[in-house]
Visitor: 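There's a structure below that I have some questions on.
All values below were derived from every heavy atom in this structure, side-chain atoms included, with hydrogens, water molecules and symmetry-related copies excluded. Lettering of chains follows the sequences in order, A, B, ..., and the numbering in each one begins at 1.
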There are 2 protein chains.
Amino acid sequence: MAGRAAEPEVIWARPERTGRGPRPAYTRADIAAAAVRIADAEGLDAVTMRRVAAELGCGTMSLYNYVPRKEDLYELMVDAVAGEHELWEPDGDWRAAMVRVAHQSRALMHRHPWLPRLMSPVYGFSPSSLRYLEHCLACLDPLPAPYGTKLELIAMLNGIVTTYVTNELATAERTRSLPWSQERENAIRIAYLGGRIATGEYPRMAAAFAEDAGPIDLEAVFERAIGRMLDGFEPRP
Amino acid sequence: MAGRAAEPEVIWARPERTGRGPRPAYTRADIAAAAVRIADAEGLDAVTMRRVAAELGCGTMSLYNYVPRKEDLYELMVDAVAGEHELWEPDGDWRAAMVRVAHQSRALMHRHPWLPRLMSPVYGFSPSSLRYLEHCLACLDPLPAPYGTKLELIAMLNGIVTTYVTNELATAERTRSLPWSQERENAIRIAYLGGRIATGEYPRMAAAFAEDAGPIDLEAVFERAIGRMLDGFEPRP
DNA sequence: AACGCACTACGTACGTTGTACGTAACTACG
DNA sequence: CGTAGTTACGTACAACGTACGTAGTGCGTT
């Protein structure tokens with residue numbers, strides 16, 4: 001009897017290797033790397049059990065020896081790329097550290113555009129995620145606040161980063177599997193929006209679009225959002 | 001030739017009724033209401049084309065006369081519940097208005113726990129969404145800032161609300177289709193986390209969990225987050 | 001040394017999904 | 001009045017996650 005799948009289970013709690021039986025042909029890292037490779041190259045929807053198995057060069061059902069459910073494969077992927085976070089020695093400036101963390105996370109999500117979609121329910125229990133969280137807390141040591149507040153700060157930071165990068169990537173990851181281009185879809189949506197605004201039903205939106213602000217600097221928008229958020233945690237004098 | 005599906009299309013741009021042909025048996029509102037009813041009662045994963053058709057009492061493929069792709073069905077759903085937003089006459093206090101909007105959105109998402117999952121790529125082009133956006137801008141009239149900033153504020157507000165409610169609902173909507181209870185899954189995850197922390201590898205997380213803060217008041221956490229965010233947009237003296 | 005059991009590997013098969021396609025009935029416009 | 005465009009819907013297909021059964025393998029125990 002191989003499959004124990006009818007129980008809730010945290011994949012990190014099951015040992016990667018127990019003594020008995022033949023040597024597994026792959027490690028979790030191998031599997032995660034294969035899945036990440038596929039997702040990076042072809043989008044998250046291309047990550048199917050069959051496709052990952054093919055990438056590894058094994059039968060589809062062999063994957064289930066390593067990963068009881070597909071959801072757990074996603075956890076492996078998140079953990080793998082969370083490991084790309086650089087964890088440095090804190091230097092006493094918690095604000096600068098949080099800004100740095102935010103930029104790192106943003107870069108990570110741009111490198112792996114499927115990541116935001118897997119982060120919606122907080123998956124933060126994988127080894128790499130725990131290390132990342134502990135590192136954030138270490139960076140926040142200089143902030144005079146209870147841990148509850150610090151956890152709120154980290155949650156808010158992650159939430160904002162995810163939200164903003166999702167918007168930045170917009171339909172990019174979503175349209176990966178569609179037969180038409182992102183530009184084409186965007187053009188059609190913009191055209192429709194323009195038509196709606198032209199009806200005069202939405203005067204303020206019309207004004208907003210008329211307000212010529214030049215090309216939008218997404219990085220600057222992101223930076224401002226993070227700064228505003230951190231303002232709310234600055235110790236009151 | 002019935003289906004024109006191989007083109008990018010905004011469902012709101014296609015008229016609900018053209019002159020020719022038999023009278024459609026249902027309206028878009030009927031279809032959206034049916035889908036929302038199913039999602040509310042059985043979770044988003046229960047919303048399949050077959051199930052919605054059955055709920056309406058028609059054949060599966062008849063749905064495609066109204067909705068070219070399943071994604072458009074989602075748009076109908078989002079629009080339907082976005083219409084539940086109460087749009088009042090602004091009274092000059094933009095901060096209070098934004099807090100009120102945030103609480104309304106939060107309540108909406110608690111009433112329809114599947115909503116956050118459909119909001120990740122900003123679907124904000126439906127009629128109700130446009131009305132909502134215009135109303136937010138109207139509330140922000142008293143704020144001395146360019147429209148660009150106001151749009152940033154609204155985006156940030158929506159993002160934070162979505163993030164926080166997603167965390168509040170946590171696995172609630174996700175586990176809807178799983179054969180075990182949410183409590184059981186949570187208990188197992190917490191137990192695992194406790195084990196990891198007990199290793200001493202994560203001293204600050206251990207301290208965070210040891211810090212006895214009593215039961216967490218999620219509404220208060222939410223309120224604080226919104227407040228901190230709005231602080232960042234307060235005009236500087 | 002040898003036995004047995006726990007494990008790996010994987011082919012087959014089932015149920016479910018979105019939806020392309022073809023056909024028949026119907027109605028407004030020329 | 002025809003005819004073109006529309007609605008209705010049954011059939012069918014490809015792709016998905018994964019349950020299950022079987023065969024082979026090698027560690028732990030005797």
Visitor: Give me each pair satisfying salt bridge (charged side-chain N to carboxylate O under 4.0 Å, His left out) with a member in residues 21-30 of chain A, each pair once, sequence neighbours excluded.
Guide: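 Checked against salt bridge (charged side-chain N to carboxylate O under 4.0 Å, His left out) - neighbours excluded - no pair reaches residues 21-30 of chain A.
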Visitor: Scan nucleotides 24-28 of chain C against the protein and return all N/O pairs shorter than 3.5 Å with their distances rounded to 0.1 Å.
Guide:
none

Visitor: What pairs with A/Arg131 under salt bridge (charged side-chain N to carboxylate O under 4.0 Å, His left out), at least two apart in sequence or on another chain?
Guide: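 Residues passing salt bridge (charged side-chain N to carboxylate O under 4.0 Å, His left out) with A/Arg131: none at all.
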Visitor: Who are the side chain to side chain donor-acceptor pair (under 3.5 Å) partners of A/Tyr132, not counting sequence neighbours?
Guide: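 Side chain to side chain donor-acceptor pair (under 3.5 Å) check on A/Tyr132 returns A/Asn158.
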Visitor: Taking only residues two or more places apart in sequence or in another chain, which ones pass salt bridge (charged side-chain N to carboxylate O under 4.0 Å, His left out) with B/Glu134?
Guide: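 Salt bridge (charged side-chain N to carboxylate O under 4.0 Å, His left out) check on B/Glu134 returns A/Arg204.
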Visitor: Please name all residues satisfying side chain to side chain donor-acceptor pair (under 3.5 Å) with A/Tyr64, sequence neighbours left out, ordered by chain then number.
Guide: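 A/Tyr64: no side chain to side chain donor-acceptor pair (under 3.5 Å) contacts found.
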Visitor: Who are the salt bridge (charged side-chain N to carboxylate O under 4.0 Å, His left out) partners of B/Asp79, not counting sequence neighbours?
Guide: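 Partners of B/Asp79 by the salt bridge (charged side-chain N to carboxylate O under 4.0 Å, His left out) criterion come out as none, since no residue qualifies.
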Visitor: If you take any heavy atom closer than 4.0 Å to DNA chain D, which residues from residues 55-63 of chain B end up in contact?
Guide: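 The stretch gives B/Cys58, B/Gly59, B/Met61, B/Ser62 as the residues lying under 4.0 Å from the strand, ordered by number.
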Visitor: By side chain to side chain donor-acceptor pair (under 3.5 Å), which residues pair with B/His112, not counting sequence neighbours?
Guide: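 Partners of B/His112 by the side chain to side chain donor-acceptor pair (under 3.5 Å) criterion, ordered by chain and then number, come out as B/Asp40, B/Glu84.
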Visitor: Using five base pairs at each end to define the local axes, how bent is the helix from C/dA1-D/dT30 to C/dG30-D/dC1, to the nearest 10°?
Guide: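 It comes to 10° between the two terminal axes.
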Visitor: Please list, chain by chain and in numerical order, all residues satisfying salt bridge (charged side-chain N to carboxylate O under 4.0 Å, His left out) with B/Arg196, sequence neighbours excluded.
Guide: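 B/Arg196: salt bridge (charged side-chain N to carboxylate O under 4.0 Å, His left out) contacts with B/Glu201.
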Visitor: Restricting to side chain to side chain contact (heavy atoms under 4.5 Å, CB included), what partner residues turn up for B/Met109, sequence neighbours left out?
Guide: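 Applying side chain to side chain contact (heavy atoms under 4.5 Å, CB included) to B/Met109 gives B/Leu115, B/Pro116, B/Met119, B/Val161, B/Thr162, B/Val165.
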